[in-house]
Colleague: 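Pasting in a structure now, in structure tokens, and then I'll have a few things to ask.
Because only heavy atoms are used, hydrogens play no part in the values below, and waters and symmetry mates are left out as well, while side chains stay in. Below, read A as the first sequence line, B as the second, and so on, with proteins coming before strands; counting in each chain starts at 1.
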Protein chains: 2
Amino acid sequence: MTITETPSLPNGVNVEALLGAREAFKGDTSLTKFTWRARNEWVDGTHSRTTIEDFYGVGDEQSHDGPQVHDADHPALFAAEDNGSTPVEFVLHALAACLTGGIAAVAANRGITLNSVTAVIEGDMDIQGILGMDPEVRNGYSAVRVSFEVDADASADDIEALVKQSQKRSAVYDILTGVTPVEIGVTAK
Amino acid sequence: MTITETPSLPNGVNVEALLGAREAFKGDTSLTKFTWRARNEWVDGTHSRTTIEDFYGVGDEQSHDGPQVHDADHPALFAAEDNGSTPVEFVLHALAACLTGGIAAVAANRGITLNSVTAVIEGDMDIQGILGMDPEVRNGYSAVRVSFEVDADASADDIEALVKQSQKRSAVYDILTGVTPVEIGVTAK
């Protein structure tokens, strides 16, 4: 895997490094096994704080440049303190960011220059589910809609194909539309 | 729905207001239909920025106390700038925060005083999926594990029951373990 000293960075994406990594991984797929991590601590009420710093991948422990801290809470409407976005809003953020990062990477790979990408994302939820009012109503989103507006040096068809390819390779899109096994354990201290 | 002027707030949760809201909603379930929203803007490379401010619920437009801004990016290991947590780490944050907020609310409702709640959450992902190396490998998490440590004035059994009830009513747990329809549209600008 060779990275030139001054790689060209279309849309700010280091395409050469990404393609090089893919080639390198073909020789040893143990390198592609990642474990992402987060540590959450209850603060008060429905307010909690997550610290994200380290993860495992490419055969070793890795870390971000420094700890990344995110607060979550419920809004005042739920008689809470609004000390952060709600967990379900963070899911929308994750989906939008995953698709947008993918659009930039795919565009770079296809030689398309992006001028701007914006998305409005909405999720419908009947809170009868989380309030335990009706067992027929699910707790999560009944539907999620993402509306992109993309300004790029490409035809409308090519722009649509960009978004489709990003969707096809998106981890968070797959997490929402597929089923993920979640195991929850507890230790009483 | 009556809230006393100085409500008791076990674990900082306004239980009376939540139970009152549930009663009020029984008379008009149009009030329980929520739409959560996020607006995302591409910055550079895989870096994007989400603003969360308004949502719809209880029959009207609502808003947070102010705009909440979250940056997402890929780490340096992916030849990116590490300007924020990755989208898939935000999913872990969302799940942990949802379960922790729920534990506080359920504990308050059951008269259990929490001293501390911490969670370590991990998600396994084979990046052969997102890199398009193997169509048999999914893009998202193959498994997610959450390990809570709870210090509360309650027995180990009661603490375990708390976590189980939070899981049962968690929106993000349901989003991960269930299937959510996601619709993605694009307008070329």
Colleague: What residue in B/Thr46, B/Leu162, B/Val146 has the most heavy-atom pairs under 4.5 Å with chain A?
Modeller: B/Val146
Colleague: Under 4.5 Å, counting heavy-atom pairs only, tell me which of A/Lys164, A/Glu41, A/His47, A/Gln128 racks up the most with chain B.
Modeller: A/Gln128
Colleague: By a 4.5 Å heavy-atom criterion (distance strictly below it), what part of A/Val120 contacts chain B: side chain, backbone, both, or neither?
Modeller: both
Colleague: Would you mind checking which part of A/Ile175 comes under 4.5 Å of any heavy atom in chain B, side chain (CB onward), backbone (N, CA, C, O), both or neither?
Modeller: both
Colleague: In terms of ring plane angle, is the pair A/His93 and B/Phe90 parallel, tilted or perpendicular, where the classes change at 30° and 60°?
Modeller: perpendicular
Colleague: For a 4.5 angstrom cut-off between non-hydrogen side-chain atoms, does A/Asn40 reach B/Ile121?
Modeller: no
Colleague: I'd like to check A/Phe25 versus B/Leu131 (side-chain heavy atoms, cut-off strictly below 4.5 Å). Are they in contact?
Modeller: yes
Colleague: Counting heavy-atom pairs closer than 4.5 Å to chain A, which one of B/Ala72, B/Ala97, B/Ser63 comes out on top?
Modeller: B/Ala97
Colleague: Just give me the residue among B/Asp82, B/Thr50, B/Ile130 that pairs up with chain A most often, heavy atom to heavy atom, under 4.5 Å.
Modeller: B/Asp82
Colleague: Take the angle between the ring planes of A/Phe78 and B/Trp36 and call it parallel below 30°, perpendicular above 60°, tilted in between.
Modeller: perpendicular
Colleague: Given that the side chain runs from C-beta out, which part of A/Leu114 has a heavy atom under 4.5 Å from chain B: side chain, backbone, both or neither?
Modeller: both
Colleague: Roughly how far, to the nearest 0.5 Å, is OG1 of A/Thr35 from CD of B/Glu122?
Modeller: 6.0 Å
Colleague: Measure B/Val182 against the heavy atoms of chain A and call it side chain, backbone, both or neither at under 4.5 Å.
Modeller: both
Colleague: Which region of A/Leu77, side chain (C-beta onward) or backbone (N, CA, C, O), has a non-hydrogen atom less than 4.5 Å from a non-hydrogen atom of chain B, or is it both or neither?
Modeller: side chain
Colleague: Checking heavy atoms, do the side chain of A/Ser155, its backbone, both or neither come under 4.5 Å from chain B?
Modeller: neither
Colleague: Between B/Gly12, B/Pro87, B/Gly66, who has the most heavy-atom pairs with chain A when the cutoff is under 4.5 Å?
Modeller: B/Pro87
Colleague: Between A/Ser170 and chain B, with a heavy-atom cut-off of 4.5 Å, which part of the residue counts as in contact: side chain, backbone, both or neither?
Modeller: backbone
Colleague: With a 4.5 Å cut-off on side-chain heavy-atom distances among I, L, V, M, F, W and Y, is there a chain of contacts connecting A/Val15 to B/Val43?
Modeller: no
Colleague: Based on non-hydrogen pairs under 4.5 Å, which of B/Thr177, B/Thr51, B/Ile184, B/Thr100 is most in contact with chain A?
Modeller: B/Ile184
Colleague: Using non-hydrogen atoms only, which part of A/Lys168 is less than 4.5 Å away from chain B: side chain, backbone, both, or neither?
Modeller: backbone
Colleague: Taking side chain as everything from C-beta outward and backbone as N, CA, C, O, which of these in A/Ser48 sits under 4.5 Å from a heavy atom of chain B? Side chain, backbone, both or neither.
Modeller: side chain
Colleague: Identify the heavy atoms of B/Lys189 and A/Ser116 that sit nearest to each other, and give their distance.
Modeller: NZ-OG, 4.4 Å
Colleague: Sort A/Glu81 into side chain, backbone, both or neither according to what part of it lies under 4.5 angstrom from a heavy atom of chain B.
Modeller: backbone
Colleague: Taking A/Thr187, A/Asp174, A/Val179 one by one, which has the highest count of heavy-atom pairs under 4.5 Å against chain B?
Modeller: A/Asp174
Colleague: Which region of A/Leu31, side chain (C-beta onward) or backbone (N, CA, C, O), has a non-hydrogen atom less than 4.5 Å from a non-hydrogen atom of chain B, or is it both or neither?
Modeller: neither
Colleague: Should B/Arg145 and A/Glu183 count as an ion pair when the cut-off is N to O under 4.0 Å?
Modeller: no
Colleague: Would you say that B/Arg138 contacts A/Thr180 through its side chain, given a criterion of any heavy-atom pair below 4.5 Å between the two side chains?
Modeller: yes
Colleague: Report yes or no: does A/Asn14 contribute a side-chain atom to a donor-acceptor pair with the main-chain N or O of B/Ala79 at less than 3.5 Å?
Modeller: no
Colleague: Shorter than 4.5 Å, heavy atoms on both sides: which option in A/Glu89, A/His74, A/Arg22 has the most such pairs with chain B?
Modeller: A/Glu89
Colleague: What part of B/Ile52 gets within 4.5 angstrom of chain A, counting heavy atoms only: side chain, backbone, both, or neither?
Modeller: side chain
Colleague: For residues 54-62 of chain A, give me every residue with a non-hydrogen atom less than 4.5 Å from any non-hydrogen atom of chain B.
Modeller: A/Phe55, A/Val58, A/Gln62
Colleague: Just so I know, are the side chains of A/Tyr173 and B/Asn139 near enough to count as touching, which here means a heavy-atom distance under 4.5 Å?
Modeller: no
Colleague: Indicate if A/Met133 and A/Tyr141 have the same hydrophobic cluster label, given that clusters are the connected sets of ILVMFWY residues with side-chain heavy-atom separations under 4.5 angstrom.
Modeller: yes
Colleague: With chain B, which of A/His70, A/Glu149, A/Gln167 has the greatest number of heavy-atom pairs at distances under 4.5 Å?
Modeller: A/His70
Colleague: Is there a side-chain contact between B/Asp71 and A/Gln68 (heavy atoms, below 4.5 Å)?
Modeller: no
Colleague: Before you tell me yes or no, could you show the steps for A/Asn11 and B/Trp42 under side-chain contact (heavy atoms from CB on, under 4.5 Å), namely the whole-Å CA-CA distance, both residues' side-chain angles and the distance that decides it to 0.1 Å?
Modeller: CA-CA 10 Å; A/Asn11 305 320; B/Trp42 174 61; 3.8 Å; yes
Colleague: With rounding to the nearest 0.5 Å, note down the distance linking NE2 in B/His64 to OG1 in A/Thr86.
Modeller: 5.5 Å
Colleague: Looking at every non-hydrogen atom in both residues, tell me the closest pair between B/Val186 and A/Val163 and how far apart they are.
Modeller: CG2-CG2, 3.7 Å
Colleague: So which part of A/Asn115 gets closer than 4.5 Å to some heavy atom of chain B, the side chain, the backbone, both or neither?
Modeller: backbone
Colleague: Who among A/Ala156, A/Ala76, A/Cys98 has the most heavy-atom pairs with chain B under 4.5 Å?
Modeller: A/Cys98
Colleague: Quick one: which of B/Ala94, B/Gly101, B/Ala107 has the most heavy-atom pairs under 4.5 Å with chain A, could you say?
Modeller: B/Ala94
Colleague: Test of understanding: clusters of I, L, V, M, F, W, Y form through side-chain heavy atoms closer than 4.5 Å, transitively. Do A/Val13 and B/Ile127 belong to the same one?
Modeller: no
Colleague: Is it true that a side-chain atom of B/Arg39 and a backbone atom of A/Ala119 form a donor plus acceptor pair closer than 3.5 Å?
Modeller: no
Colleague: Side chain, backbone, both or neither: which part of A/Ala80 has a heavy atom under 4.5 Å from chain B?
Modeller: neither
Colleague: First locate atom CG of A/Asp126, then atom OG1 of B/Thr29, and finally report the distance between them rounded to the nearest 0.5 Å.
Modeller: 7.0 Å
Colleague: A/Ala188, A/Ser85, A/Ala154, A/Ala104: which one forms the most heavy-atom pairs within less than 4.5 Å of chain B?
Modeller: A/Ser85
